[in-house]
Visitor: 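Before anything else, here's the structure in question.
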Number of protein chains: 2
Amino acid sequence: MLTERQQDTLTFIQHYIRDHGRSPLVAEIADGLGISSQGTTHRYIQALVNAGLLERNVGRTRGLQLINQHDDQPEQPILSVILPVMGKIAAGRLIEAIPDESEIDLGDMFSGSNRFVLKVNGDSMIDKAILSGDWVVIQSQQTARHGEIVVALVDGYDATLKTLLTNDDGTVTLMPANENYEPVTLAAERVSIQGIVVGQLRTYP
Amino acid sequence: MLTERQQDTLTFIQHYIRDHGRSPLVAEIADGLGISSQGTTHRYIQALVNAGLLERNVGRTRGLQLINQHDDQPEQPILSVILPVMGKIAAGRLIEAIPDESEIDLGDMFSGSNRFVLKVNGDSMIDKAILSGDWVVIQSQQTARHGEIVVALVDGYDATLKTLLTNDDGTVTLMPANENYEPVTLAAERVSIQGIVVGQLRTYP
DNA sequence: GGAAAGTGCTTACGGAACGCCAACAGGATA
DNA sequence: TATCCTGTTGGCGTTCCGTAAGCACTTTCC
């Protein structure tokens, strides 16, 4: 039976390997556990090795290896893409750690009921930093508030991605974010909201 | 298990072959890794050959050859956040279905080994549609190619997100994407690449 | 109260990882 | 043939990292 700190150690190692693809240094484990002694940390590692939960390539840097404990498990479909967060990057400073946020879960960020993804075609939202080829995550809903970026159908046709502005006189304005396009003001009845933008994704080749 | 520099070496060779269509000289690898010793470089190459990742035509110039070996890893598909894709949205049309793509997997898009996430602070990449508050996914690596967006340390300090331009005279230029900032040209040795941007995420409140 | 277990710290040692340099060998080239 | 280019090998040093041992403090339980 593992002690509390032994369990912490194992958990940390598992997360580290999952996030970084290689095993941590003893010093990194110590840091992750919030203790400053590599010696103590090493004792925990040794306990895990003795318990048959870890394997060690003696003498090698980053030589730890997880033992697959029970791979007969039905592999539950975890919906989470977890990426480690290193910190904030800014001009003029080193990368700054973000307190209380060591990883981000794309599932948390973008998943949800009634959501779907659209691929953006065209540059009408370029001033809002949405480029052609980007993906936008849409929360499917029929209403939207002033200032939200919406997918809108005009007269049941003409689907566009625009910023929605609601005017006092009952009309709405669909405002592109590109000076080469003109805003369009229409009676609210003619505009059918399909959903609002809740996220945006881009990959680089 | 590869050490960090062995991994760097392999990555450099892969990129070099992809870019130039032939394998690099030992001296070129050394240069790419930022070390001046061909002997040290050769040791890394030897390690990769021993690991079965490279093949060598002994005695021949540019005799390195990559071994294709991605059949030994069953590639655990644990990580998947799947969102349905409705289609393309464009000005002037209904939402257009995208053939052969009914859903997208955020795991496929953004996961990978040696990746992490940074929160962007500041508007220096605004013309590349990366805003303050966005998240960028960084592929951790020590080398980058001309035109890639990189996380770079200047003189071991001053971490920035910039477009990397490699000049013919051995210097590199860190180019911000904001006309209010000035590009900086430096000797390549002073610039330490931390990784390249492979993705970008944004959520809307 | 005292033993045992759990947790933490410091110090020390040896090897791994990494880097440099010099020297040599063999193919390529003039 | 002589020279240059490139790959290869070995030695040396520095720094980083894993391992181990000893000491101290707290909690738990008999």
Visitor: Just verifying a value: how many Å separate A/T41 OG1 and A/I35 CD1, rounded to the nearest 0.5 Å?
Guide: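 Separation between the atoms: 3.5 Å.
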
Visitor: Does a side-chain N or O of A/Y44 approach OP1 or OP2 of C/dG8 to a distance below 4.0 Å, or not?
Guide: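 Yes, such a contact exists.
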
Visitor: Below 4.0 angstrom from OP1 or OP2 of C/dT7, is there any side-chain N or O of A/T3?
Guide: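 Yes.
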
Visitor: Drop me the distance from B/L118's CG to B/L161's CG, to the nearest 0.5 angstrom.
Guide: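 The CG atom of B/L118 sits 8.0 Å away from the CG atom of B/L161.
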
Visitor: Among residues at least two apart in sequence or on other chains, which ones pass side chain to side chain donor-acceptor pair (under 3.5 Å) with A/H42?
Guide: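 Applying side chain to side chain donor-acceptor pair (under 3.5 Å) to A/H42 gives A/R56.
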
Visitor: Mind checking the CZ-CZ spacing from B/R43 to B/R5? Nearest 0.5 Å is all I need.
Guide: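 Separation between the atoms: 12.0 Å.
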
Visitor: Are the side chain of B/S37 and the backbone of B/G39 linked by a donor-acceptor contact shorter than 3.5 Å?
Guide: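 Yes: the side chain of B/S37 pairs with the backbone of B/G39.
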
Visitor: Using whole Å, what does the distance between atom P of nucleotide D/dT26 and atom CZ of A/R5 come to?
Guide: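 Whole-Å distance recorded here is 17 Å.
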
Visitor: B/I29 CD1 to C/dG19 P: how many Å, rounded?
Guide: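 In whole Å, C/dG19 P and B/I29 CD1 are 14 Å from each other.
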
Visitor: How close do B/I130 and B/Q200 get, counting heavy atoms only, and between which atoms?
Guide: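 Taking B/I130 first and B/Q200 second, the nearest heavy atoms are CG1-CG, 4.3 Å.
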
Visitor: For DNA chain D, determine which residues of residues 6-15 of chain B have any heavy atom closer than 4.0 angstrom to one of its atoms, and list them numerically.
Guide: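 Correct list: empty, so none.
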
Visitor: Find the distance A/L33:CG to C/dC9:P and express it as a whole number of Å.
Guide: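 Taking CG of A/L33 and P of C/dC9, I get 11 Å after rounding.
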
Visitor: Hey, does the side chain of A/N178 reach the backbone of A/D123 with a donor-acceptor pair shorter than 3.5 angstrom?
Guide: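 Checking the backbone N and O of A/D123 against the side chain of A/N178, a donor-acceptor pair under 3.5 Å is found.
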
Visitor: I need the CZ-P distance between A/R22 and C/dA17, as an integer number of Å.
Guide: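 The answer, rounded to whole Å, is 13 Å.
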
Visitor: For A/I35 and D/dC25, what is the distance between atoms CD1 and C1' respectively, to the nearest whole Å?
Guide: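 The answer, rounded to whole Å, is 15 Å.
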
Visitor: Return a single string for nucleotides 18-24 of chain D, one symbol per nucleotide in 5' to 3' order, where B is base contact, S is sugar-phosphate-only contact and - is none, cutoff 4.0 angstrom on heavy atoms.
Guide: BSBBB--

Visitor: Should the pair A/K162-A/E148 be classified as a salt bridge under the 4.0 Å nitrogen-to-oxygen rule?
Guide: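 The answer is no: the pair does not qualify as a salt bridge.
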
Visitor: Sub-3.5 Å donor-acceptor pair from the side chain of A/R202 to the main-chain atoms of B/G199, do we have one?
Guide: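 Answer holds: no.
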
Visitor: To the nearest angstrom, how far is A/L2 atom CG from C/dT7 atom P?
Guide: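 Whole-Å distance recorded here is 10 Å.
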
